[in-house]
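When a ligand or atom number is given, it counts from 1 through the structure's own listing order.
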Amino acid sequence: MENDKVKIHDKEFRIFITRDEINSRTNELGWEVSKKYKGLNPIFIPILNGSFMFAADFVRACTFDSDMMFVKIKSYEGMASTGTINFQLGFEGDIKGRHIIIVEDIIDSGNTLMEFIKETEKHEPASIAVVSLLLKPDAVKHEIPKDYIGFRIPNAFVVGYGLDYDGLGRTLPDIYQLDI
Ligand code: 5GP
Ligand code: MG
């Protein structure tokens with residue numbers, strides 16, 4: 001059973017999306033994506049660190065042959081987007097002519113994703129799609145692909161299920177929202 005409230009560093013968070021809700025939505029997304037990608041042998045590119053937990057569950061909900069490549073990007077300090085993105089781990093294989101499925105935990109301003117899509121396009125893939133567990137529609141500043149979104153959420157800071165607050169909270173199985 002999940003706790004209703006957690007305290008992380010100096011802040012209180014309350015339960016927002018439970019593990020069961022995450023699980024059933026992830027399975028739906030896997031099913032939708034599988035209809036389209038069967039036989040295409042796409043490459044999943046999860047953006048670390050935040051998306052590791054969602055990516056692990058999401059790829060298991062997909063029923064087609066695929067490959068994985070991980071990249072690591074940092075754009076957040078504490079609770080604020082820094083506005084600049086920093087590649088800490090980049091492309092290591094050849095993605096030319098391949099179908100790419102970027103896997104994100106959350107799209108906030110969309111800065112990280114836009115920069116990453118631009119970087120990916122330079123490598124001439126056959127196509128690029130985005131799967132994100134969460135999207136903050138009121139925060140997005142870019143035209144980004146919104147085909148596969150788990151949950152559209154308000155503009156409040158969330159933690160758990162891979163998402164951290166200054167290094168803590170990533171291993172919580174449910175998603176919590178800042179209590180204000
Ligand atoms: P963006 O570039 O879209 O503003 O932010 C992208 C990244 O910032 C996300 O992939 C995630 O790692 C982090 N981020 C954005 N919003 C939140 C949030 O509410 N909670 C946490 N823990 N991280 C967030
Ligand atoms: Mg992320």
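Under 4.0 Å from ligand 1, not a single heavy atom of Val140 appears.
Geometrically, ligand 1 and Gly50 share no nitrogen or oxygen pair separated by less than 3.5 Å. Ligand 1 has an N or O atom lying under 3.5 Å from an N or O atom of Gly110, backbone or side chain.
Remark: distances from the non-hydrogen atoms of Tyr165 to ligand 1 are all 4.0 Å or more. Ser109 counts as a contact of ligand 1, since one of its heavy atoms falls under 4.0 Å from the ligand. Under the 4.0 angstrom criterion for non-hydrogen atoms, Met114 is not in contact with ligand 1. Proximity of Asp164 to ligand 1 is established by a heavy-atom distance of less than 4.0 Å.
Here is the list of ligand 1 atoms found below 4.0 Å of a heavy atom in Lys136: 16 (N), 17 (C), 18 (C), 19 (O). Here is the list of ligand 1 atoms found below 4.0 Å of a heavy atom in Asn111: 2 (O), 3 (O).
In this structure, the side chain of His9 engages the main chain of Asp166 through a donor-acceptor pair within 3.5 Å.
Ion pair Glu119/Lys122 flagged as a salt bridge, since at least one NZ, NE, NH1 or NH2 atom sits closer than 4.0 Å to an Asp/Glu carboxylate oxygen.
Aromatic ring pairs are classed by plane angle as parallel below 30°, tilted from 30° to 60° and perpendicular above 60°; the pair Phe157 and Phe13 is tilted. Note on ring orientation: taking the six-membered ring where Trp is involved, the planes of Tyr37 and Phe64 are tilted (angle from 30° to 60°).
With hydrogens and angles left out, the side-chain atoms of His142 and Asn111 include a donor and acceptor closer than 3.5 Å. Residues Tyr161 and Asp57 have side chains that bring a donor and an acceptor to within less than 3.5 angstrom of each other.
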